[in-house]
Amino acid sequence: MKIPRGFSDELRNQADILRVIGDYVSLKKKGNNHWACCPFHHEKTPSFAVNPAKQLFKCFGCGKGGNVFDFVIEIEGCSFPEAVKTVAEKCGIAVPVVENTREMEERDRQRSELLQINQWAVEFFEQNLNETAEGRRAQEYLVQRGITEDTRRLFRLGYAPNTWDGMGNFLRSRGASRTQIERSGLVTLKENGAGFYDRFRGRLMFPICDTQGRIVAFGGRILGDGEPKYLNSPETAVYTKGQHLFGLHHSRDTIRQRGYAILVEGYLDFLVPFQFGVKNLVASLGTALTDNQVRLLGRYARKIVVNFDPDAAGVSATKRSLELLVAEGFKVNVLTLPDNLDPDEFIRARGADGYFKLLKNSQNFLDYIVAEAISANDQSRPTGKVETINAILPYLRLVKDRIERAEHVARIADLLKIDSKLILEEFKKAAETRQERVSVRAVTASIAIKPAERKLLEILLNFPVVRGQIARQIAREDYEGLRTEQLFDLIFEYERQQQDADYSVLSGALQDENLARELLPQLMIGESDGGLHGEVDEQSTLTRAEREAAESLHSLRCAKLAEKQSALQIEINRAQRGNDKTKLGDLMMQKFELAKQERALAQWNGQATH
């Protein structure tokens, strides 16, 4: 739409700002201003003022303000030309006709025709849902999914009959030409070019609206067998994929009032929660979130809670969405529902109150990423820690505030039991080189060597008798994941072969160069604090070596158990946040077993077990 030069200024001066804003909020006069609770954020005491003399509005709570056009743009989420048209219509002022180019006239004509055809189409779908035997099957499906008649009518749900020419014939009966029908996206051209057939057949139909409530496209879910499960309209003059959000027209005011939006995936994930009173949500139309959808969301809220399906595809979509949202400056949390339930399944089972309770415990986006990465990788091995860090780094890079990032790094390092300096260094490298992976060598080199680990290795390398004793009682799990894991393996392999391993053999086999050059010579010479080589009596030296080896092995087992308990507690906390009782029960059983192991270790009397 082209606005005549100077018309918007004239309209702004003539428009009754009280009349326009009064269509959206209830204004009460107090002094020179008219007051109301702000439509852009939630409040109990009115802080939203309109001054008719100055033709301005201002909220002293959220800070929004401006003229009548600014108000309409903000509340309708529309463009300036659309705001001018809206104000003119509300004030009963005609918008002058401007000479357009033929291309502009043709584009506007096609848009107008398509919007009208979509109105006819939704009537056709509604009629088939409500008045046909075939449509009753779709009604039964909606009842099974918990959709009420009021919700069905509010969102104008319908049914596309399983015929090839039902829609085409209906549109012809309304006066649509063949060209108009072909442009509508409601039919598919035959391969031979001789006519067309209905695009949507045997499907439950969901109208897709723009922010002003105009139907621009449709989504259809197959009922019964058939592929694809969901089918959307193709792009047309009024619909571009990735530029709309399902339900936004109905939820935008509540989103503003509550200050945040809940982002779900599909139509029913939106409809059921909305029906139960969770009305500050939108759906991404079952596709990956796009830049345009993110910008559209930003008109209404800067805080988002992502609540996608908990399956593998949903987790992947969640991660992609986080990248876009955080990069655009949104404050983002993630809600994971228990028992692998979708939003509509959870709310039908446990109600809106249960859902809102979980919302309060939704995770910060990076906490979610960290928990996912830790859960997906074996933290007892350096390679597992590497994959965990590699999964986290791209999202850590999105945190722009240095202090906040440093806090996250410290917590991640503590969880992974590695040096926080490593993560900061790798983060810096990633920013400079655009690489998002760290090497196994870098992580392995950062893993601190425990005193008990060092002591036990020193004894194993220098006391063959004790080495044989420890080889019979140690399990690989006792040292698995330690930085010196390979050295333990080499020592016990040579013990099984009844061969002595000298420095040249061991250093040549070790992959960790720092261990080979620095630690191994120290261990073989025996220069650790309180070394055993100062003993005069060989028997007392051997006895002490046996005792300290047993103590060191016990210490390593305690440390290993503590790591398992720490990792398990992360999973328990996550299950508790999601109220996932089934998973929590399994985890508590694991915790009970670890507690038994802990009690057994606590009863150790300092004697070696043979």
Side-chain angles (χ1 to χ4, degrees), residues 378-382 417 444 447-512 514-516 518-565 594 596-610:
D378 183 0
Q379 302 308 311
S380 68
R381 304 185 62 81
K417 305 299 185 227
T444 302
I447 299 175
I449 297 174
K450 299 177 176 64
E453 178 182 358
R454 175 188 287 266
K455 174 59 70 176
L456 181 56
L457 283 168
E458 179 183 330
I459 295 171
L460 294 176
L461 288 167
N462 291 287
F463 292 87
V465 173
V466 181
R467 182 168 64 240
Q469 295 171 357
I470 295 296
R472 289 189 292 272
Q473 57 185 282
I474 197 170
R476 195 174 191 285
E477 182 186 10
D478 293 329
Y479 60 83
E480 191 174 36
L482 296 178
R483 182 179 171 184
T484 57
E485 175 184 339
Q486 189 193 9
L487 181 54
F488 276 104
D489 278 339
L490 290 170
I491 290 172
F492 292 128
E493 177 60 29
Y494 284 112
E495 176 65 23
R496 281 191 292 273
Q497 297 177 7
Q498 297 183 342
Q499 297 179 11
D500 286 331
D502 59 21
Y503 173 77
S504 61
V505 171
L506 291 174
S507 62
L510 281 173
Q511 296 174 355
D512 189 328
N514 289 331
L515 287 184
E518 299 177 14
L519 180 65
L520 184 59
Q522 295 176 13
L523 296 175
M524 298 192 79
I525 294 174
E527 291 184 347
S528 65
D529 291 340
L532 294 164
H533 297 276
E535 296 281 358
V536 177
D537 184 355
E538 289 186 8
Q539 184 56 47
S540 62
T541 300
L542 180 61
T543 301
R544 181 182 169 188
E546 290 176 335
R547 185 183 72 252
E548 292 189 358
E551 291 172 349
S552 298
L553 178 56
H554 179 262
S555 178
L556 290 179
R557 286 172 172 168
C558 289
K560 176 69 70 173
L561 181 62
E563 289 178 4
K564 289 182 179 179
Q565 290 172 322
L594 292 182
K596 285 174 57 179
Q597 296 178 32
E598 185 178 29
R599 286 194 295 272
L601 287 173
Q603 294 172 1
W604 183 71
N605 59 10
Q607 299 298 315
T609 56
H610 298 281

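As the structure is a computational prediction, the values presented were derived from the model and not from experiment.
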Trainee: To the nearest 0.5 Å, tell me how far Leu457 CG sits from Met524 CE.
Mentor: 11.0 Å
Trainee: Given 3.5 Å as the limit, does a donor-acceptor pair link the side chain of Arg557 with the main chain of Leu553, or not?
Mentor: no
Trainee: Can you name the nearest heavy-atom pair linking Glu495 to Ala471, along with the distance?
Mentor: CG-CB, 4.1 Å
Trainee: With sequence neighbours excluded, what pairs up with Ala559 under the side chain to side chain contact (heavy atoms under 4.5 Å, CB included) test?
Mentor: Lys450
Trainee: What's the spacing between Arg483 CZ and Ile449 CD1 if we round to 0.5 Å?
Mentor: 4.5 Å
Trainee: Mark yes or no for whether Glu485, through its side chain, and Gly481, through its backbone, hold a donor-acceptor pair below 3.5 Å.
Mentor: yes
Trainee: Taking the side chain as everything from C-beta on, heavy atoms only, tell me whether Asp378 gets closer than 4.5 Å to Glu480.
Mentor: no
Trainee: I would like to know whether Arg476 and Asp489 meet side chain to side chain contact (heavy atoms under 4.5 Å, CB included); could you show each step before the answer?
Mentor: CA-CA 8 Å; Arg476 195 174 191 285; Asp489 278 339; 2.6 Å; yes
Trainee: Please find the pair of heavy atoms, one from Ile470 and one from Ala549, that lie closest to each other, and give the distance.
Mentor: CD1-CB, 4.0 Å
Trainee: Working to the nearest 0.5 Å, report the span between CZ of Arg547 and OG1 of Thr543.
Mentor: 8.5 Å
Trainee: Working to the nearest 0.5 angstrom, can you tell me the gap between Leu460 CG and Gln469 CD?
Mentor: 10.5 Å
Trainee: For a quick test of reading the model, state the closest non-hydrogen atom pair linking Ser507 to Ala516 and the distance between them.
Mentor: O-CB, 3.8 Å
Trainee: Between the main-chain N or O of Leu482 and the side-chain N or O of Glu453, is there a donor-acceptor pair closer than 3.5 Å?
Mentor: no
Trainee: Any donor and acceptor pair, going by atom type alone, linking the side chain of Asn462 with main-chain N or O of Leu523 inside 3.5 Å?
Mentor: yes
Trainee: Donor-acceptor pair, distance only, cut-off 3.5 Å: does the side chain of Ser555 make one with the backbone of Glu551?
Mentor: no
Trainee: Measure the shortest side-chain to side-chain distance between Leu461 and Leu520 over non-hydrogen atoms and say whether it is less than 4.5 angstrom.
Mentor: yes
Trainee: Of the non-hydrogen atoms in Ala509 and Leu490, which two are nearest, and what is the gap between them?
Mentor: CB-CD1, 3.8 Å
Trainee: To the nearest 0.5 Å, how far apart are CD in Glu493 and CD in Gln497?
Mentor: 4.5 Å
Trainee: Between Val466 and Glu548, is any pair of side-chain heavy atoms under 4.5 Å apart?
Mentor: no
Trainee: Return the minimal non-hydrogen interatomic distance between Leu601 and His554, and the atom names on each side.
Mentor: O-NE2, 2.8 Å
Trainee: Would you call the rings of Tyr479 and Phe492 parallel, tilted or perpendicular if under 30° counts as parallel and over 60° as perpendicular?
Mentor: tilted
Trainee: Does the side chain of Asp512 come within less than 4.5 Å of Leu487's, by heavy atoms?
Mentor: no
Trainee: Counting only heavy atoms not in Gln499 (residues, nucleotides, ligands), do more than 12 fall under 6.0 Å from its CD?
Mentor: yes
Trainee: Can you tell me how far the CG atom of Leu506 sits from the CD atom of Gln486, to the nearest 0.5 Å?
Mentor: 9.5 Å
